[in-house]
Amino acid sequence: MPELPEVEVVRQSLDKKIRRKTVKKIIVRNRNLRIKLPKNFASIMKNQKIIKIDRFSKYIILHLSGGKFCLFHLGMSGTIHILLKKKKNFITNSSFYNTPILPKKHNHIEIIFKDIKVIYNDPRRFGFFQILDNSFLLKKRLSHFGPEPFQSKFNLNYISSFFKKKQKNIKNFLLDQNFVSGIGNIYASEILFFCKINPIKEVHLLQKKELKKIIINSRRVLVNAIKKGGSTIRDFKNTSGKKGNFQKDFKVYDREGLRCKRKSCEGIILKKVITNRSTFFCNYCQKN
DNA sequence: AAGAGGCCCTGATAGC
DNA sequence: TGCTATCAGGGCCTCT
């Protein structure tokens, strides 16, 4: 599920529901996540007030009242479910992104507040939760990441100097979090469609004009996706509730063999595997 | 140093 | 129906 827009939508939901609330209890069912959950995770979190909920790239950061930070990532298959307490029971709050019916399996962590529960579900366990003891360590943890597309640091100078002496194709770079943070496999294809750039084009061949397009369209695609509530694909079976809507706007992703959506374009969407990730593009308007 | 490839893990789906 | 193979929204590590 989660690229930057989906994570941002989760952040917004959490911000509405748990900011200024105090953790009453933590339930840990499985510590074997991508990074092993520290043994003292529950004791650190307990009685902490959530001061602020930030996001950087695909990471969410909970600012805790004691000065520590809880950073988490949803990996490929992680979802956050928000349950509200009604009388004695917690029930699903379907008005928030990705909180339809709670799956029965893989609910690894529960963060319980007085009247609300936040549940982290993740079948593949590529996600993780970490505690950072202070802002210095938090900063250090995120220091190797490139800027988000929205940041002014993501500009023409930055991109062209980054691309010097580089051999890889542009699709690979959009996925490279050291270059730019937050773009994943879906939005990389979508962004290149708007730029009319072939995903296998080597970055040293890109013209100034094209680099500008990459900046503009990275921002445009992500902003749009956030507005639409993110994308929901391959949703859990037998669930209902609020999903993202951006998947309806996909121009190329998962559209192999279909007609290009660009007006008066005769092209067909092709799928090509680039370093093990499916990549979609129009054979006509993204020829070069 | 940059780039390719493997690996972590479960579940859905396609093909036989 | 039931097997096996393939693929999936990410990112880290190792090897060359």
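By convention in this document, chain letters (A, B, ...) are assigned in the order of the sequence lines, proteins followed by strands, and residues within each chain are numbered from 1.
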Sticking with atom P, work out how far dG11(C) lies from dA1(B), rounded to a whole angstrom. 23 Å

Taking the side chain of Asn172(A) as its heavy atoms from C-beta onward, which of dG11(B), dA2(B), dA4(B) lies nearest to it? dA4(B)

Indicate whether OP1 or OP2 belonging to dC7(C) is found under 4.0 Å from a side-chain N or O atom of Arg277(A). no

Lys271(A) or Gln177(A), whichever maps to the more 5' nucleotide of DNA chain C: Lys271(A)

Just how far, in rounded Å, is P of dA8(C) from CG of Asn185(A)? 8 Å

Would you classify Arg125(A) as touching base, sugar-phosphate or nothing, given that sugar-phosphate means primed atoms plus P, OP1 and OP2, and contacts are heavy atoms under 4.0 Å? sugar-phosphate

Represent DNA chain C in dot-bracket notation, 5' to 3'. Only Watson-Crick or G-U wobble pairs with both distances under 3.5 Å count; pseudoknot-style crossings use [ ] and interstrand partners use |. .|||||||.|||||||

Identify which one of Lys153(A), Arg55(A), Arg219(A) satisfies the side-chain hydrogen bond (donor to acceptor under 3.5 Å, both in side chains) criterion when paired with Glu148(A). Arg55(A)

Checking salt bridge (Lys or Arg N to Asp or Glu O under 4.0 Å) for the pair Arg11(A)/Asp54(A): CA distance, chi angles, key distance, verdict? CA-CA 7 Å; Arg11(A) 189 201 68 77; Asp54(A) 268 341; 5.6 Å; no

Are OP1 or OP2 of dG11(B) and a side-chain N or O of Lys105(A) less than 4.0 angstrom apart? yes

So what does Tyr59(A) touch, heavy atoms closer than 4.0 Å: a base, only the sugar-phosphate, or nothing? sugar-phosphate

Between Lys165(A) and Asn276(A), which residue's closest nucleotide on DNA chain B lies nearer the 5′ terminus? Lys165(A)

If I take atom CZ in residue Arg124(A) and atom P in nucleotide dG11(C), what distance separates them, rounded to the nearest angstrom? 13 Å

Under 4.0 Å between a side-chain N/O of His106(A) and OP1 or OP2 of dT10(B), yes or no? no

Could you tell me whether Phe129(A) and Tyr120(A) have their ring centroids closer than 6.0 angstrom? yes

Decide whether a cation-pi geometry holds between Lys166(A) and Phe162(A); the criteria are a distance under 6.0 Å from NZ or CZ to the six-membered ring centre and an angle within 45° of the ring axis. yes

Should Phe126(A) be counted as stacked on dG10(C), where stacking needs a ring-centre gap under 5.5 Å and an angle between planes under 30 degrees? yes

With the side chain of Glu3(A) defined as its heavy atoms from C-beta on, choose the nearest nucleotide among dC12(C), dG10(C), dC7(C). dG10(C)

Compare side-chain N and O positions of Lys58(A) against OP1 and OP2 of dG11(C) and report whether any pair is under 4.0 Å apart. yes

Taking only the side-chain nitrogens and oxygens of Ser278(A), find out if one of them lies under 4.0 Å from OP1 or OP2 of dA8(C). yes

From CZ of Arg34(A) over to P of dG11(C), roughly how many Å is that when rounded to an integer? 9 Å

So His73(A) and Tyr59(A), would you call those rings parallel, tilted or perpendicular, with 30° and 60° as cut-offs? perpendicular

cation_pi(Lys168(A), Phe173(A)) dist<6.0 Å, angle<=45: yes

Transitive ILVMFWY side-chain link Phe193(A) to Leu174(A), under 4.5 Å: yes

